[in-house]
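What follows is a single structure, written as structure tokens, with notes after it.
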Amino acid sequence: MNPSFSSYNQFKDQLLAAFQTNEERMNGESRTPVHQVRRAALKQFDLLGFPTIRHEEWKYSNVSGLFKEAFELDEQSPITSDDLASLEIPNLDGNILYFVNGKYHPELSRIVSPASQVQISSLADALKADADFIGSHFARYADYQDNAFTALNTALATDGAVIRIPDNTTVEQPIILRFITDGRQKNIASQPRNLILVGRNAEVTVAESYRTLGDRASFVNVVTEIVLERDARMQYYKVQNETEQSYHIGTTQVNQTDNTHFYSATVTLNGNFVRNNLNIVLNGQHAEAFMYGLYMPNGKQHVDNHTLVDHAMPNSYSSELYKGILDDNGTGVFNGKIYVRPDAQKTNAYQSCKNVVLAPGASMNTKPQLEIFADDVKCSHGTTTGQLNDEALFYMRSRGIPKDEARTLLLYAFSQDVLSQIKIQPIREYLENVVTQKLGK
Amino acid sequence: MLSISNLHARIGEKEILKGLSLQVNPGEVHAIMGPNGAGKSTLASVLAGREEYEVTGGSVLFEGQDLLEMAPEERAAEGIFLAFQYPVEIPGVSTTNFLKTAMNEIRKHRGQDQLDAVQFLKLMKEKMKLVNIDQSLLSRSLNEGFSGGEKKRNEIFQMAMLEPKLAILDETDSGLDIDALRIVAEGVNQLRSPERSTIVVTHYQRLLDYIVPDYVHVLYKGRIVKSGPKELALELEEKGYDWIKAEAEVNQ
């Protein structure tokens, strides 16, 4: 047996054992519908195993690096607010929830919105307080039959954020979920699980931010399920700025109904291996989804964005723009699937992926996939991958702007199409700073 | 100010400039004319430092310094400005932001203080009048979706802002109707001064009706084959380039 195969099995066994440990700790919870789903998901994970590059959905993203590390699955962190100072986003106001190694830390968090606007709790608390309600939504949207990582998360999910917005309510302050991995002492794995329910004609802005402290390995496997009831509106941002030792695999599953609007931006600044799945089901008429993405792998980083828009009903609209800046030996993947179901007449779906490759060692794989079963639709897709425009560089230099500055300015402008979409100003400014710093290297 | 002697340059394997010499003194306006393919734009590009061109011989001194040793941005900081024949579109960077960056880089190079926002805006307002350019145009992405005339006006506006010692206008008249041409020429003329020199590269004489040169040079097969006063341009307009070509062949 070769060593990688043995470490693969060890990790899998460790994860399966963690489920048993969780179960043994439970009192009444093991009989709840949620736990029955967990059991089914564990079985499915056991069956599927981790994907290899022979799997069509993982062709360009090899997860085998994960098995080279031994992770702690349930490690409490002694973290204090002082430890978080270096990770703070300046001037950020609103509801800020900290999850450390996947566990909610109320002492670090602050909830400022009144309960009349939004109910925010941890999944662990919500499962105790209202197991039936959680059971009616948990894993109803994010499919775990075909995705081993979603199955794994579903099986091991014990904590995360649960956000419920009542009908006809606008949550004035944004909700920021900060997932911190404390990698100062040990290699840490976590399985955060979020559920966001936006009521009829309600509106909310939610951001997920991922950071790792220290230089040990981290593995975050997150699933976020989002439901928009009719006429609801949501801004959703997912921001990763982790380390060269970070593995991040995440699925955001969005279920949209009639006349809902969903705006998203997925920004990946740093991480060893990052896979973002953004799956949107437009399950209602006049539903609109806007998806923006920015990724900038350098060094040996790998960033994979898989998006899926499922136009299930007539008169829906989706628009997608992903942009990549790839340097050194960085690699990127964009896979954009659009389904237009037979009933989904008058669908408009647009997809674009643009990349700048700065070094001969960097590479990008793009794959648009359109599957259209209705006849009265407008769909377009386009991908470009090229180098920085030499003519533009010379033009700027001829005006006195040094080469490096010109390069940074051009790439910064390139990133602005995505960053300008972010409506939480302190987060946008923070990202602009990190992007500028990274470009200036 | 500018002293070019026996300049040879090529792009790839193709030699384009074959021993070009030219002397430009402060305050002078020189027109470089010549048939297509003579090397006019190559000369402009080599002076601005475009990297695709390789200089294989000769020298270019700018105020006594070796220009060919300088990066394009250093040349700009030293006071050279090239108005592009085809100004480049730069999405996401406004003219205002672009110019502010450029001006402050140049000032940094010269050891001058950075301009603050108020000073910069004041200067911009003043120079906008020169070429009749609109504020809204300057807030848009640089040259993106601009008409031909707007692009050229923007070039002259940038020149007015950067106040170069030597301006090189590369076929600035191409693609302009007569009204746009007049506005652009007017801008250039207002910037004429005893210290500022201009090289006007053009195929046609009509631009020289508006920007009147002190000297006219004819470039043919990579060398200046004839120089004369402004009347030479009129003669070329009337008789074409064939007689120059014939004369040049005889002299070789």
Side-chain angles (χ1 to χ4, degrees), chain A residues 265 267 292-296 321-325 352-356 358 382-422 428-429 431-433 435-440, chain B residues 44-53 70-95 97-110 112 140-144 151 154-155 157-159 161-164 166-168 170:
Chain A
V267 179
Y292 292 87
L294 175 70
Y295 41 94
M296 31 198 313
L321 174 64
Y322 273 68
K323 299 187 102 172
I325 299 170
S352 171
C353 176
K354 297 179 178 174
N355 302 284
V356 180
L358 297 173
T383 66
T384 58
T385 298
Q387 292 166 340
L388 207 56
N389 183 344
D390 280 340
E391 194 56 25
L393 264 184
F394 175 65
Y395 187 71
M396 299 176 93
R397 295 178 72 191
S398 80
R399 298 296 183 256
I401 303 174
K403 193 176 187 177
D404 288 348
E405 298 282 322
R407 183 177 170 273
T408 303
L409 200 57
L410 281 177
L411 292 170
Y412 181 75
F414 179 81
S415 74
Q416 270 297 314
D417 287 345
V418 175
L419 296 183
S420 64
Q421 299 300 323
I422 294 175
R428 191 179 63 241
E429 286 170 358
L431 290 174
E432 287 168 348
N433 280 337
V435 166
T436 308
Q437 276 169 26
K438 189 161 180 176
L439 291 175
Chain B
S45 294
V46 168
L47 291 179
R50 196 185 282 273
E51 282 166 348
E52 297 94 285
Y53 294 89
M70 297 181 200
E73 55 268 32
E74 290 176 77
R75 301 180 193 204
E78 291 297 328
I80 288 184
F81 181 92
L82 172 67
F84 279 53
Q85 183 177 4
Y86 304 108
V88 184
E89 300 194 0
I90 303 187
V93 180
S94 70
T95 303
N97 186 21
F98 172 68
L99 265 180
K100 201 171 169 185
T101 309
M103 285 193 77
N104 280 331
E105 287 293 343
I106 289 176
R107 294 179 73 89
K108 195 156 76 184
H109 181 93
R110 294 179 183 163
Q112 296 166 322
R140 279 167 47 188
S141 285
L142 186 55
N143 294 326
E144 198 180 36
K151 283 182 184 170
N154 193 8
E155 292 292 285
F157 169 68
Q158 291 179 37
M159 175 177 149
M161 290 291 285
L162 297 175
E163 298 187 319
L166 173 67
I168 304 158
D170 186 10

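Chain naming here is simple, since letters A, B, ... match the order of the sequence lines and numbering starts at 1 in each.
Atom NZ of Lys323(A) has more than 12 neighbouring heavy atoms from other residues, nucleotides or ligands inside a 6.0 Å radius. By the 6.0 Å contact criterion, CD on Gln387(A) is open, its count of non-hydrogen atoms from other residues, nucleotides or ligands being 12 or less.
Gly400(A) approaches Ala76(B) most closely through the heavy-atom pair N-CB, 3.3 Å. Across all their heavy atoms, Pro91(B) and Ala413(A) have their closest contact at O-CB, 3.5 Å. Between Ser398(A) and Phe84(B) the shortest heavy-atom distance is OG-CE1, 3.4 Å.
A salt bridge links Arg397(A) with Glu51(B): the closest approach of a Lys/Arg side-chain nitrogen to an acidic carboxylate oxygen falls below 4.0 angstrom. A salt bridge links Glu391(A) to Arg50(B): at least one charged side-chain nitrogen sits closer than 4.0 Å to a carboxylate oxygen. Salt-bridge annotation for Arg399(A) and Glu155(B): present, with a side-chain N of the basic residue lying under 4.0 Å from a carboxylate O of the acidic one.
Neither the backbone nor the side chain of Asn104(B) has a heavy atom closer than 4.5 Å to any heavy atom of chain A. Heavy atoms closer than 4.5 Å to chain A are found nowhere in Glu74(B), neither backbone nor side chain. Proximity to chain A involves both the backbone and the side chain of Pro87(B), based on heavy atoms less than 4.5 angstrom apart.
Chain A forms more heavy-atom pairs under 4.5 Å with one residue of Ser141(B), Gly49(B), Ala77(B) than with any other, namely Gly49(B). Most heavy-atom pairs under 4.5 Å with chain A: of the set Gly92(B), Ala102(B), Pro164(B), this distinction falls to Ala102(B). When Gln158(B), Arg75(B), His109(B), Glu52(B) are compared by the number of non-hydrogen pairs under 4.5 Å with chain A, Gln158(B) comes out ahead.
Once rounded to the nearest 0.5 Å, the distance linking CE of Met396(A) with CG of Leu142(B) reads 7.5 Å. Distance check, rounded to the nearest 0.5 Å: CG of Leu82(B) to OH of Tyr395(A) gives 9.5 Å. The CZ atom of Phe98(B) sits 8.5 Å away from atom CG of Leu409(A), with the distance rounded to the nearest 0.5 Å.
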